[in-house]
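None of the values given here were measured: they were computed from a predicted structure. Side-chain atoms are counted along with the backbone in the values below, which use heavy atoms only and exclude waters and symmetry mates. Throughout, a chain's letter reflects where its sequence line sits, starting with A, and its residues are numbered from 1.
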Amino acid sequence: MTPARASYLAKAFTFGVETAPPLVFKDLDLRDRPDHPSHRFNLTIEPGEVMAVVGDEDSGVGDLGSYALGLRRPISGQAVVFGAAIVDLPYYDLLVFRRRLGYLQVGDGLLQNLTLRDNVALPLRFASDHRLAQVEGRVTQLMDDLHLRAVAGLRPAQANEEDRRRTAVARAIALDPDLVVLEAPFDGLTGRAAVDLLEHASRREDGSRRTICLTAQELVPSVRRLLTRVVKVVDGEAVDEAP
Amino acid sequence: MTAVVAAIGQSGARRLSVLGGLARFALRALAAAGRLSRTGRWVTLRVLINQIRFTALQAVGLVTLLAAILSFLVIAQTSRQLGAVAPNFFGTIMVVAVIRELGPLLTALIVVSRSGTAIAAEMATNRVLGEVTALEAMGIDPYIYLVLPRMLGAIVSVACLMVLFDGVALVSGYIGANVGSGGMSIGHYSDIVLSTLSAKDVWLTVAKGITFGAAVALFCSYHGLAVKAGPTEIPQAVTRGVVGTIVAIFIMSAAFVAIAA
């Protein structure tokens, strides 16, 4: 890596990490309506918050995850993650930066040719410097915590929806990230399973609370009880709701 | 008239743009090797071994069969037709036609038809199912996880299969020479063939193994990962990958003849 790239990366990592909020959406145009500049989405997620952003299918809430991870560039506005405008980072620096984040995409995004266990191990094997024994230990712990041991050897297509979602959450938290973004994580799950998943996702390895931003169309009451804040997207703007 | 010129120009520009994209793709895949983590190296090695098992080991039977039949036919016919005029000419045919040209070509075509199609379809499926996005979201370079092991696997496999092809062709050529000439000792056959073989044939085989193998993996991966719209694009991507590889292999064969002349 060239010194310029390295310093850019260092800047992306260190800039505002201590003081900047984990995730800020600034002036996002969620509904592609450039003629309505007042309807912009602004939201700041503070450290340790477990926040849900809810909205209808056409509200644009489904795009927030990909903006937060820098997978897509917003039409207008930006997502700022730990002080860095994530989508502006150079590609390889962006890949390294994303290792501080966990992401569960719509569906599950599991690799179909790998077993559930290998899916969980994937980020530890390719996006960390852990030794193989450490990787295996961490994967075993995650599989146990998320009740996946019995189905560890199955491929995603052989597993049921709840186990696939548990695997995707285990993979998202495998690197013990500071911030986890979950897109429609509870669709098709029972309230009990949803609560269990959210509890695991929001707890870090050292027992402290992890910052969570989840998006959904609707939330069951049992999940709402675990949230610190709920925001609804109304006409492209963020409106606070009671959790 | 201008419309015709414009159409030709557009087609040329499109092809040039694909070539540029392929070159960038190849450089990114090579650069990815330097960014592998310690554990990633070990896992990539495992994927590489699996790739070689599928691409090389499972193709051994087909390559052996085709090498044996092709060499037998060519040498038997040469011995029969030209035996009276030039009894040792089959040695030149064996080395120049079978080992130097047809062997690498046929081996690469076998690998394209078996593994190239699989690579293109797998990559396209990875893209359509959002698995490439998932890799990038985890901070994993898709070139490291998807392209690099397949490229190395294809290079090693094509090179190994070429050596196998040559070995089988030499043995089968002896049978062909016997049938065509009505009897020949193994010593005489070896003398004729070995006197025509040179060090150039060895490095040409190695060079063709590397370039043809890389072409199979790169073309098929490139077209597979270029899928955007959905599953209906997968067969088209496979076709583009395979056709592109075949054209590239024939062009490279011609280039090797020009360079090695």
A.B. asks: As an exercise: rank Asp141(B), Leu129(B), Leu36(B), Thr133(B) by heavy-atom pairs under 4.5 Å with chain A and give me the winner.
C.D. replies: Asp141(B)
A.B. asks: Measure the spacing between CD of Glu131(B) and CD of Gln112(A) and express it to the nearest 0.5 Å.
C.D. replies: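 If we round to the nearest 0.5 Å, Glu131(B):CD and Gln112(A):CD are 5.5 Å apart.
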A.B. asks: Quick one: pull up CD1 in Ile140(B) and CZ in Arg98(A) and give me the separation to the nearest 0.5 Å.
C.D. replies: 11.5 Å
A.B. asks: Against chain B, label Leu114(A) side chain, backbone, both or neither, depending on which of its atoms sit under 4.5 Å from a heavy atom there.
C.D. replies: side chain
A.B. asks: Against chain B, label Ser66(A) side chain, backbone, both or neither, depending on which of its atoms sit under 4.5 Å from a heavy atom there.
C.D. replies: neither
A.B. asks: Which answer fits Leu104(A), side chain, backbone, both or neither, if we ask what part of it has an atom under 4.5 Å from a heavy atom of chain B?
C.D. replies: neither
A.B. asks: For the residue pair Glu122(B) / Asn113(A), report whether a side-chain donor-acceptor contact shorter than 3.5 Å exists.
C.D. replies: yes
A.B. asks: Please check if the number of heavy atoms outside Arg46(B) that lie under 6.0 Å from its CZ is greater than 12.
C.D. replies: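 Yes, enclosed.
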A.B. asks: Taking side chain as C-beta onward, heavy atoms only, is Tyr145(B) less than 4.5 Å from Leu111(A)?
C.D. replies: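 Tyr145(B) vs Leu111(A): side chains touch.
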A.B. asks: Is it the side chain or the backbone of Arg41(B) that comes within 4.5 Å of chain A heavy atoms, both, or neither?
C.D. replies: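 Contact with chain A involves no heavy atom of Arg41(B) at all.
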A.B. asks: Determine, step by step, whether Glu136(B) and Tyr91(A) satisfy the side-chain contact (heavy atoms from CB on, under 4.5 Å) criterion, reporting the C-alpha distance in whole Å, the side-chain angles of both residues, the deciding distance to 0.1 Å, and the verdict.
C.D. replies: CA-CA 10 Å; Glu136(B) 289 181 320; Tyr91(A) 181 71; 2.7 Å; yes
A.B. asks: Heavy-atom distance under 4.5 Å to chain B: side chain of Leu132(A), backbone, both or neither?
C.D. replies: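 When you check distances to chain B, atoms from both the backbone and side chain of Leu132(A) fall under 4.5 Å.
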A.B. asks: Once you round to the nearest 0.5 Å, how far does OH of Tyr143(B) lie from CG of Leu95(A)?
C.D. replies: 11.0 Å
